[in-house]
Number of protein chains: 2
Amino acid sequence: MESELACPIAPVVDLVFSRWTTPILWTLNEHGRLRFVELERRIGTITPKVLTQRLRQMERDGLVTRTYHPEVPPRVEYEISELGRSLAPVFHGLAEWSKRNLAKVDEARSRYDGTN
Amino acid sequence: MESELACPIAPVVDLVFSRWTTPILWTLNEHGRLRFVELERRIGTITPKVLTQRLRQMERDGLVTRTYHPEVPPRVEYEISELGRSLAPVFHGLAEWSKRNLAKVDEARSRYDGTN
DNA sequence: CAGCATCCACGAAGATACTG
DNA sequence: CAGTATCTTCGTGGATGCTG
């Protein structure tokens with residue numbers, strides 16, 4: 001998808017920051033093991049189809065684990081894996097940067113738009 | 001774009017990891033001030049239209065600066081801003097994670113696909 | 001409940017050609 | 001050189017309905 005030619009982190013960006021993966025990972029990291037609907041509700045605006053798609057991909061990539069309980073009604077639980085958890089420092093770094101610099105982005109936008 | 005309800009870093013993810021911003025920022029961080037075509041060539045697969053779009057947005061967000069030299073032929077130079085440079089630790093963290101864990105992702109995929 | 005199947009809509013991105 | 005203009009393609013995502 002992205003050009004790796006000039007950017008060594010392109011693969012990991014594709015992996016971790018493609019759409020919905022961050023909220024999913026963050027939620028699972030905060031609340032531990034969750035059922036499908038719980039995850040769906042906590043994220044709020046995602047549709048079940050898309051949530052399923054992303055979870056499958058993340059399961060394949062080893063970022064989350066899926067546990068199926070053959071009951072009636074069926075119960076499926078998702079959990080962040082060790083590999084997924086190892087991204088925590090990166091996320092923390094982003095949160096820090098956010099706290100410190102996101103306001104500057106807003107300022108820059110106002111300046112650019114001339115709506116000082 | 002992304003749901004912020006469950007994920008505090010969603011805004012910064014949108015800002016920094018939307019398409020092409022990472023390669024652009026990385027390239028400008030590596031090579032300093034660059035002209036439009038130089039940037040285009042280093043990234044390799046981006047089209048001028050898209051490159052222009054992304055650069056405009058990043059300029060608006062305060063991540064890059066644009067300098068126009070009214071000459072013939074015209075010369076425009078792009079440079080990473082202080083704000084953009086402040087992302088370096090985050091990028092470095094990603095590169096580190098990449099070196100350590102990207103192979104595990106490949107393993108997980110092989111396992112999932114059953115192509116052990 | 002946890003999904004899959006299907007259809008549809010939209011915007012981002014690519015290809016191409018053209019200007020000051 | 002540094003873009004802009006236009007057209008087309010494509011993928012993501014939304015909506016809906018249906019199963020074990």
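Chain A is the first sequence line, chain B the second, and so forth, proteins listed ahead of strands; every chain is numbered from 1.
The pair B:Lys99-B:Glu96 meets the salt-bridge criterion, with a side-chain N (NZ, NE, NH1 or NH2) lying under 4.0 Å from an Asp/Glu carboxylate O.
As a whole-Å value, the separation of B:Ile43 CD1 from C:dA13 C1' is 15 Å. Here the C1' atom of nucleotide D:dG3 and the CZ atom of B:Arg75 are 16 Å apart, to the nearest Å. Put simply, CZ on B:Arg54 is 19 Å from C1' on D:dA2, counting in whole angstrom units. If you take CG of A:Leu51 and C1' of D:dG14, they are 14 Å apart, rounded to a whole angstrom. Rounding to whole angstrom units, NE2 of residue A:His69 and C1' of D:dG20 are separated by 18 Å. Rounded to a whole Å, the CD atom of A:Gln57 is 10 Å from the P atom of D:dG13.
The phosphate of C:dG3 (OP1 or OP2) has a side-chain N or O of A:Tyr78 nearer than 4.0 angstrom. Residue A:Trp20 places at least one side-chain N or O closer than 4.0 Å to OP1 or OP2 of D:dG13. Between B:Arg19 and the phosphate of C:dG14, there is a side-chain N or O to OP1/OP2 separation shorter than 4.0 Å. Side-chain N/O atoms of B:Arg35 include one lying less than 4.0 angstrom from OP1 or OP2 on D:dA2.
Both B:Leu55 and A:Thr47 sit near DNA chain D, but only B:Leu55 has its closest nucleotide nearer the 5' end.
Summarising the geometry, atom CD belonging to A:Glu59 is positioned 8.0 Å from atom OG1 belonging to A:Thr65; distances are rounded to the nearest 0.5 Å. Rounding to the nearest 0.5 Å gives a distance of 12.0 Å between CD1 of B:Ile43 and CD of B:Glu38.
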> When you look at B:Leu25 and B:Phe91, which way does the side chain to side chain contact (heavy atoms under 4.5 Å, CB included) test go after all the steps?
Replying inline: CA-CA 10 Å; B:Leu25 233 39; B:Phe91 283 17; 4.1 Å; yes

> Can you list the steps and then say if B:Leu102 with B:Trp97 is a side chain to side chain contact (heavy atoms under 4.5 Å, CB included)?
Replying inline: CA-CA 7 Å; B:Leu102 216 52; B:Trp97 190 93; 4.2 Å; yes

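Side-chain contact between A:Tyr78 and A:Leu51 is absent, with no heavy atoms from C-beta onward closer than 4.5 Å. Contact check for B:Val90 versus B:Val16: no side-chain heavy atoms found under the 4.5 Å cut-off.
Note that the two end axes of the helix from C:dC1-D:dG20 to C:dG20-D:dC1 enclose an angle of 50°, each drawn from 5 base pairs, rounded to 10 degrees.
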What does the list of N/O pairs under 3.5 Å between the protein and nucleotides 4-9 of chain C look like, with a distance for each?
unit_1: C:dC4; atom_1: OP1; unit_2: A:Arg56; atom_2: NH2; d: 3.1

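Remark: the B:Gln57 side chain and the B:Arg54 side chain contain an N/O donor-acceptor pair separated by less than 3.5 Å.
A:Glu79 meets the side chain to side chain donor-acceptor pair (under 3.5 Å) test with A:Arg33; sequence neighbours excluded.
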